[in-house]
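Following: one structure in structure tokens, then a few remarks.
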2 protein chains.
Amino acid sequence: MTEAVARSVRQPSMADVARTAGVSAQTVSRTLRDSPNVNPETRRRVLDAVEQLGYRLNNAARVLSSGRSFTIGLVLLQSGGYYSRSAVTAGVEAAAGHAGYAVNIATIAGLDTGLMERALSKLADQGVDGIIIAVPLISVTQKMEDITRDIPTVTLDGSRTAGARVLGIDQLEAGRLATQHLLDLGHRQVWHVSGPDEWIEARQRLQGWQECLAAAGIDAPPALEGDWSPDSGYRQGQIIAMIPDVTAVFAASDEMAFGIIRALRERGRSVPEDVSIVSVDDIALAAYCSPPLTTVRQDFYRSGQAAVELLLDPDGANASVVPASLSVRASTAAPRSH
Amino acid sequence: MTEAVARSVRQPSMADVARTAGVSAQTVSRTLRDSPNVNPETRRRVLDAVEQLGYRLNNAARVLSSGRSFTIGLVLLQSGGYYSRSAVTAGVEAAAGHAGYAVNIATIAGLDTGLMERALSKLADQGVDGIIIAVPLISVTQKMEDITRDIPTVTLDGSRTAGARVLGIDQLEAGRLATQHLLDLGHRQVWHVSGPDEWIEARQRLQGWQECLAAAGIDAPPALEGDWSPDSGYRQGQIIAMIPDVTAVFAASDEMAFGIIRALRERGRSVPEDVSIVSVDDIALAAYCSPPLTTVRQDFYRSGQAAVELLLDPDGANASVVPASLSVRASTAAPRSH
DNA sequence: CGAGCCTATGTTATCGATGCCATGTGTAAC
DNA sequence: GTTACACATGGCATCGATAACATAGGCTCG
């Protein structure tokens, strides 16, 4: 009882441990940081004292004196892409934790320069050692440049700042894979429901689609723009359903794909008999809704990890690209032959 | 150029600002903390100096001297429930940010006592001012008790530690709502595919289901246990499909529900004609897959916010319960009458 | 056997903001 | 015209760990 009270009065400090172990505070510090020059016997005494006092290193003091916070800041968008967001977060957290870093999250409510600046400032104020930006930067302001110049930064979507390194997730390839799959099945034209134009992912997938069609000598139809949500897919799907000869659609996300499918079905167009649909993400549900979705899988967890590795890599040679692969299921088929 | 170099050499400190503004460091500190007794004219000079030097408050020093970190720790599970997890995170982050707190994430890879202890230790080491635990505590160890005694803690799932306060999300009610809906439609029996038994949410939903059936004088059939994933729903769905007279199933999550639906359909049982399905979550896709899912909506974002509010509420009177509500869609119908 | 070096440890200054106390005004109250 | 008190500000010690430097043995090598 007394012990509990005493503890809540003041946490033991390194000096307390030093006193109990009969050494200097510096030796305690060395022991805890696995410094090489510590006698095994001394080390044991120190660790015993730590255990006995329930000592816990004071992070703030460590940060202040060492100048390093062992914390990585992660900038996320609050809405949209639940799946990819949490997978990225988990990947970042795992890799960071593995390297002895903590993760500090800053979510922004929308793609707005002011919000972005505030998020970066917040992280800078927290003294993070590095920043991972997992949302697209619409336009890069001076203030953002200032921060990313001082603090190592990796962007996960391809947008660039001075000083920020970029982790490529090959979205062009994703767009190409999806489109080519439809062409290979025999479709003569592929429509596209894209993500919001501010998102680099969206633009790159769209570009991959365009390039793939161009390579096949096909004029791309106008792209329809969604906002990643099933609902926006549904709305664009209603438009697509009004166009008679559409046989293949590439949707920029699984969630939009399901919205499109619903709209098509309500108009009497079945999937994949009348219209084939491919999308990107491969969320857990993709295989279980009906029809099971043909989709380009991207390993977001791995991307999160890779971002951390890139960030912590001193020579920065580590710019790995996370690959994409196609999961073929039942939402695509050859067009009706007649 | 020179400026950028100078900056990267050393960030300006409060003393630098004080010198430029011609006041003491103490006055700068007061100004930045909106202390009442600062002359407007002085305040302006200080703020000008801050602006001019690009001064940024050193968080570590602030934490060290004030003893408060203005950081909240959030413990999450790495896998499962992507939707709820990110919604909770966003809610926590928003509410925390609003109150001037940062959020520090600790994800654990599984429901394991050791992992949980490590996560809590990590947060404690980071010096967080409070902890929100968004995963169930299977068993509470001494070490966990020690930490949650020292640091204010809120658990978001109903498990209890000494000193931790609990934010009720009324899972019993969710189970009851779902089950009652099926009974109201005329079903005479309701089967249940639950979440993992270690999860309090799962146990409470199950209990709500049992109580509701009991109140109607119905003997509950054995519950089938899943792991929240669509795949586990699919496997349990295959079992259910073998039982001839099942007309209604309550699934503990939307993702499992879609797995169940797939399994039933593959066996020639249609939803909702042959079997009605209700679940819990109301993820974005629930309304867009087919059939649109009847499900109990829970506001996870709001829960996250509420957890922060409860945590920061000094008198703790703020133990609000986040309500659940039923979204009726097309996966439920009256049983075939014959 | 002394120069030189490695190992184990201690001493001291320092990081940057804040808490606490002291000081010096202007002004309201008796 | 004191006493008293709110307001505005400065000085100094302090939080707890670490970097940088210092020291004292023990060992190697020529």
Side-chain angles (χ1 to χ4, degrees), chain A residues 7-47 49-50 53-71 100 124-129 150, chain B residues 7-47 49-50 53-71 100 124-129 150:
Chain A
R7 159 179 292 182
S8 78
V9 167
R10 194 175 68 85
Q11 296 283 94
S13 80
M14 200 167 258
D16 298 325
V17 176
R19 206 169 311 120
T20 330
V23 295
S24 76
Q26 189 52 226
T27 302
V28 175
S29 174
R30 273 192 279 256
T31 304
L32 296 177
R33 271 177 304 145
D34 286 321
S35 181
N37 299 338
V38 176
N39 185 304
E41 160 61 17
T42 310
R43 149 176 263 102
R44 209 189 43 68
R45 283 220 314 281
V46 169
L47 294 179
V50 165
L53 297 177
Y55 170 71
R56 172 152 281 147
L57 206 151
N58 181 315
N59 193 250
R62 188 242 278 269
V63 171
L64 181 59
S65 63
S66 75
R68 304 191 46 186
S69 69
F70 288 96
T71 299
D125 285 347
Q126 295 285 323
V128 297
D129 286 338
D150 284 352
Chain B
R7 160 179 295 183
S8 78
V9 167
R10 196 176 67 82
Q11 297 282 90
S13 79
M14 201 167 257
D16 298 325
V17 175
R19 206 169 311 119
T20 324
V23 297
S24 76
Q26 188 52 229
T27 301
V28 175
S29 174
R30 272 192 279 256
T31 303
L32 296 176
R33 272 178 302 146
D34 287 323
S35 178
N37 297 340
V38 176
N39 187 305
E41 159 63 15
T42 311
R43 147 176 265 101
R44 208 190 42 70
R45 283 219 314 281
V46 169
L47 293 179
V50 165
L53 298 177
Y55 169 73
R56 172 153 283 146
L57 206 150
N58 181 314
N59 194 250
R62 189 243 279 267
V63 172
L64 181 58
S65 64
S66 74
R68 306 195 43 187
S69 70
F70 288 96
T71 298
D125 285 348
Q126 294 287 322
V128 297
D129 286 339
D150 283 353

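Lettering follows sequence order; numbering is per chain, from 1. Note that the structure is predicted; figures quoted are calculated from it, not measured.
Rounded to whole Å, the distance from CG on N39(B) to C1' on dA6(D) is 14 Å. If you measure from atom CZ of R19(A) to atom P of dG16(D), you get 12 Å, rounded to the nearest angstrom. Between R56(A) atom CZ and dA17(D) atom C1' the separation is 16 Å, expressed in whole Å. Nucleotide dC15(C) holds its C1' atom 13 Å from the CG atom of D16(B), rounded to whole Å. Taking atom CG of residue N59(A) and atom C1' of nucleotide dC15(D), one finds them 14 Å apart after rounding to whole Å. Distance CG (D125(B)) to P (dG16(D)): 15 Å, rounded to an integer number of Å. Here the P atom of nucleotide dA17(C) and the CD atom of Q11(B) are 10 Å apart, to the nearest Å.
Residues forming a salt bridge (charged side-chain N to carboxylate O under 4.0 Å, His left out) with R30(B) (at least two apart in sequence, or on another chain): none. T42(A) is linked by a side chain to side chain donor-acceptor pair (under 3.5 Å) to nothing, counting only residues two or more places apart in sequence or in another chain. Evaluation of the side chain to side chain donor-acceptor pair (under 3.5 Å) rule for T71(B) yields no partner, not counting sequence neighbours. For the side chain to side chain donor-acceptor pair (under 3.5 Å) test, residues two or more places apart in sequence or in another chain that qualify with D125(A) are R56(B). In this structure T31(B) satisfies the side chain to side chain donor-acceptor pair (under 3.5 Å) test with no other residue, sequence neighbours excluded. Residues meeting the side chain to side chain contact (heavy atoms under 4.5 Å, CB included) test with R44(A), sequence neighbours left out: E41(A), D48(A). Qualifying salt bridge (charged side-chain N to carboxylate O under 4.0 Å, His left out) partners for R19(B), counting only residues two or more places apart in sequence or in other chains: D16(B).
Across all strands shown, N37(A) has heavy atoms under 4.0 Å from base atoms, whether or not it also approaches the sugar-phosphate. When heavy atoms are screened at a 4.0 angstrom cut-off, V38(A) is found touching the sugar-phosphate backbone but no base atom.
Recorded end-axis angle for the helix from dC1(C)-dG30(D) to dC30(C)-dG1(D) stands at 30°, based on five pairs per end and rounded to 10 degrees.
Contacts between residues 23-36 of chain B and DNA chain C, counted as heavy-atom distances below 4.0 Å, involve Q26(B), S29(B), R33(B).
Among all heavy-atom pairs drawn from F70(B) and D129(B), the shortest one is N-OD2, 2.7 Å. L64(A) and A61(B) make their closest contact through CD1-CB, 3.8 Å (heavy atoms, listed as atom of the first residue, atom of the second, distance).
Here the nucleotide nearest the side chain of N58(B), chosen from dG16(C), dA17(D), dT9(D), is dG16(C). Between dG16(D), dA17(C), dA17(D), one nucleotide has an atom nearer to the side chain of R62(A) than all others, and that is dA17(D).
In this structure, A60(B) and T42(A) both approach DNA chain C, and ranking their closest nucleotides by distance from the 5' end singles out T42(A). Both P40(B) and L64(B) lie close to DNA chain D; mapped to their nearest nucleotides by heavy-atom distance, the more 5′-ward contact belongs to P40(B).
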